[in-house]
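So the structure is just underneath, and the comments pick up after that.
The basis for the numbers below is simple: all heavy atoms, side chains too, and nothing from hydrogens, waters or symmetry mates.
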Amino acid sequence: MMLRLATRALFLCLLLTAAGCSLPGIQDPILSLGKWGDEETGVDFRLSRFTLDFSFSAGRFTVVGDYTLNPDAYPKEVDFTVRRIEYVLGGDGGEKGAWRRISIVQANDLHREMLATAETSEDVLAAQKLLVFLESLASGLPAPGIYSVEVTFGTYLTLGYNRPATSRPWDMEAALVREDY
């Protein structure tokens, strides 16, 4: 019974989204249907909060903050404002902590350290992501981005975003960071 009710609710959400409607309190309901990604990187949108996880060869980061959407724009707009960044450096038993406040100078120093220790192209992407979110945390400004959701043989999310105080990407190739989930 509950499964049937949940299936109908999900189907209704998808129909409303396809028709361009939104539910009260949810600007784009398809984003809130679950966690996007895999064990290496992922993003989870819930009402007005987001959680983004990603790895670096020397650790793991979790970014938590608020987001706002404009699903009526083309491309669809998303802004990320970071509230905290949690980190684990050196594996599971390594140093753990969280940044709630950080200066722009510290953010740039951390970015340079990550680039200096980058082992793969995924590490360089992780360093770019971290810089975007560290600058948002330091400045309090949102990181401007765009997104698209494609429903074909599955449901796929593409995110593109730039550093705070820079222009919003006009397409995915203009984004500093682009991710496919």
Side-chain angles (χ1 to χ4, degrees), residues 27-28 31-32 35-37 39-71 73 75-148 157-181:
Q27 296 170 340
D28 194 343
L31 285 181
S32 300
K35 186 171 175 141
W36 302 83
E39 48 286 331
E40 292 300 315
T41 184
V43 64
D44 191 6
F45 293 96
R46 293 191 185 146
L47 295 179
S48 65
R49 304 282 290 173
F50 77 95
T51 304
L52 188 136
D53 297 306
F54 60 98
S55 296
F56 180 70
S57 62
R60 184 155 188 83
F61 300 97
T62 301
V63 180
V64 178
D66 303 319
Y67 73 95
T68 57
L69 297 177
N70 182 358
K76 296 179 178 187
E77 298 176 353
V78 59
D79 291 324
F80 298 100
T81 304
V82 178
R83 301 297 174 215
R84 80 176 179 276
I85 301 173
E86 300 167 1
Y87 60 89
V88 177
L89 301 176
D92 292 335
E95 176 187 351
K96 295 181 181 182
W99 295 300
R100 295 188 192 289
R101 294 189 181 269
I102 195 166
S103 71
I104 293 291
V105 172
Q106 290 171 314
N108 288 327
D109 289 345
L110 286 165
H111 179 248
R112 277 194 294 275
E113 286 177 31
M114 282 186 70
L115 285 178
T117 59
E119 297 175 2
T120 65
S121 61
E122 288 81 19
D123 285 351
V124 173
L125 177 64
Q128 289 175 324
K129 267 194 266 192
L130 186 61
L131 178 62
V132 167
F133 294 124
L134 284 171
E135 285 186 357
S136 176
L137 184 64
S139 67
L141 297 173
I146 58 176
Y147 73 98
S148 68
L157 170 69
T158 302
L159 282 178
Y161 44 91
N162 285 335
R163 295 163 66 176
T166 61
S167 63
R168 183 179 311 280
W170 64 89
D171 69 10
M172 292 300 171
E173 304 309 317
L176 176 66
V177 178
R178 177 192 169 172
E179 299 179 292
D180 296 310
Y181 299 100

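- Among residues at least two apart or in separate chains, there is no ring pair (Phe, Tyr, Trp, His ring centres under 6.0 Å) pair with a member in residues 103-122.
- Between P169 and G160 the shortest heavy-atom distance is CG-O, 4.0 Å.
- Between M172 and I146 the shortest side-chain heavy-atom distance falls below 4.5 Å.
- Proximity of F133 to L52: side-chain heavy atoms (C-beta onward) are separated by under 4.5 Å at one or more points.
- Contact of the L110 side chain with the W99 side chain is registered, since non-hydrogen atoms from C-beta on lie closer than 4.5 Å.
- Residues P164 and P144 approach most closely at CA-CD, 4.1 Å, considering heavy atoms.
- The minimum heavy-atom distance linking F61 with M114 is given by the pair CE1-CE, 3.9 Å.
- Put simply, CG on L131 and CZ on R112 are 10.0 Å apart, with the number rounded to the nearest 0.5 Å.
- Atom CG of residue D53 and atom CD of residue E40 lie 11.0 Å apart, to the nearest 0.5 angstrom.
- Here E113 contributes atom CD and Q106 contributes atom CD; the two are 10.5 Å apart, rounded to the nearest 0.5 Å.
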Apply side-chain contact (heavy atoms from CB on, under 4.5 Å) to the pair L157 and V43, showing each step before the final yes or no. CA-CA 10 Å; L157 170 69; V43 64; 3.9 Å; yes

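- Annotation: ring pair (Phe, Tyr, Trp, His ring centres under 6.0 Å) contacts of F80 (sequence neighbours excluded): F50, Y161.
- Counting heavy atoms from C-beta outward, R168 and N70 have side chains that stay 4.5 Å or more apart.
- Applying the side chain to side chain donor-acceptor pair (under 3.5 Å) criterion to T158, with sequence neighbours excluded, gives D180.
- Contact between L137 and R83 at its shortest, heavy atoms only, is CD1-O, 3.4 Å.
- A distance of 7.5 Å separates NZ in K35 from OG1 in T51, rounded to the nearest 0.5 Å.
- Separation of atoms CZ (F54) and CG (L125) is listed at 8.5 Å; rounding is to 0.5 Å.
- A donor-acceptor distance shorter than 3.5 angstrom exists from the side chain of N162 to the backbone of S167, with no hydrogens or angles considered.
- Contact check for R49 versus D66: side-chain heavy atoms found under the 4.5 Å cut-off.
- Evaluation of the side-chain hydrogen bond (donor to acceptor under 3.5 Å, both in side chains) test over residues 129-140, restricted to residues two or more places apart or in two chains, returns T41-K129, K129-E179, E135-R163.
- Here the shortest heavy-atom pairing between W170 and P75 reads O-CG, 3.6 Å.
- The side chain to side chain donor-acceptor pair (under 3.5 Å) search around T117 returns none, not counting sequence neighbours.
- With sequence neighbours left out, the side chain to side chain donor-acceptor pair (under 3.5 Å) criterion links D44 to R46.
- Atom-to-atom distance recorded for D123:CG and F56:CZ is 4.5 Å, nearest 0.5 angstrom.
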